[in-house]
Amino acid sequence: MTQMVPAPLNTPTVPERMVAAAGLALSLAIGCLPLRSRIATIHAVRRLPAARRSHVERLNAAVRYIIPTWWPGRIACMEISLATVLATALTGRRASWALGARRMPDAAHAWVETPEGPVGHDVGDGADRPYTRVLAVP
């Protein structure tokens, strides 16, 4: 009889979850502001040193881990990517917030970019219809 062993979960550490929670709270708080205000908030961290992709991936996973199921509003790619950028800034590093679009079917998407590559840029059903970056901040 073959016994299946579950794969170990990559549960974020408590400090990562705390920073992610602060980033998500900030993201949801400024989410009701106009886009230009959110962009100005991200511009404030442009002088920080760039974050490594592995660091941003861990924070992105922590943000996704701590999303409350009871939240009545929207928490999707824009809020998650903004929370990841803000959490990265709270750790003293910088990542870029990218907004993009694609055609046929029309869709918009937000993700995080580092010098080493994108984070949260899930290809999913768009392997043959990639997203085009329209804006990257900072």
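What you see is a predicted model, and the numbers here were worked out from it, not measured in a lab.
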**Q.** Verdict with reasoning, R38 to W97, per side chain to side chain contact (heavy atoms under 4.5 Å, CB included)
**A.** CA-CA 10 Å; R38 288 181 253 174; W97 188 41; 4.2 Å; yes

(Q) side chain to side chain contact (heavy atoms under 4.5 Å, CB included) for R93 and R52? Distances and angles first, verdict last. (A) CA-CA 9 Å; R93 298 290 177 184; R52 298 194 52 84; over 6 Å; no

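Taking 4.5 Å as the limit, some side-chain heavy atom of V119 sits within range of a side-chain heavy atom of R53. By the 4.5 Å heavy-atom criterion applied to side chains, P49 and R94 are not counted as neighbours. Here the side chains of Y131 and W111 are in contact, with some heavy-atom distance below 4.5 Å. No side-chain heavy atom of H109 sits under 4.5 Å from any side-chain heavy atom of M78.
Cluster annotation: V56 is not connected to M18 through the hydrophobic network of ILVMFWY side chains, with a link wherever side-chain heavy atoms come within less than 4.5 Å. In this structure, I39 is a member of the same hydrophobic cluster as V112, with clusters built from ILVMFWY side-chain heavy atoms closer than 4.5 Å. By the criterion of side-chain heavy atoms lying less than 4.5 angstrom apart, applied directly or through intervening Ile, Leu, Val, Met, Phe, Trp or Tyr residues, I30 is not grouped with V45; the two fall into different hydrophobic clusters. Residue I42 is not grouped with residue V134 when hydrophobic side chains (ILVMFWY) are merged at heavy-atom distances under 4.5 angstrom, including chains of intermediate members.
One N or O on the side chain of R46 and one on the backbone of H43 form a donor-acceptor pair closer than 3.5 Å. Although no hydrogens or angles enter the test, the distance criterion places no donor-acceptor pair under 3.5 Å between the side chain of T114 and the main chain of A95. S27 places a side-chain N or O within donor-acceptor distance of the main-chain N or O of E79, the cut-off being under 3.5 Å.
The two residues P138 and S96 have their closest heavy-atom pair at O-OG, 3.2 Å.
The environment of CZ in R74 is crowded: more than 12 heavy-atom neighbours from other residues, nucleotides or ligands sit within 6.0 Å.
When N60, T88, T91 are each tested for a side chain to side chain donor-acceptor pair (under 3.5 Å) with H55, only one passes: T91. Under the side chain to side chain contact (heavy atoms under 4.5 Å, CB included) test applied with V19, the options L86, V14, L59 reduce to a single match, L59.
If you take CG on L26 and OG1 on T41, they are separated by 9.0 Å, rounding to the nearest 0.5 Å.
With sequence neighbours excluded, no residue satisfies side chain to side chain contact (heavy atoms under 4.5 Å, CB included) with A25. Take E16 and apply the side chain to side chain contact (heavy atoms under 4.5 Å, CB included) test, not counting sequence neighbours, and it matches P12, T13, R58, A62.
Grouping Ile, Leu, Val, Met, Phe, Trp and Tyr residues whose side-chain heavy atoms lie under 4.5 Å apart, directly or via other members, places Y65 in a hydrophobic cluster with L24, L28, V63, I66, I67, W70, W71, I75, I80.
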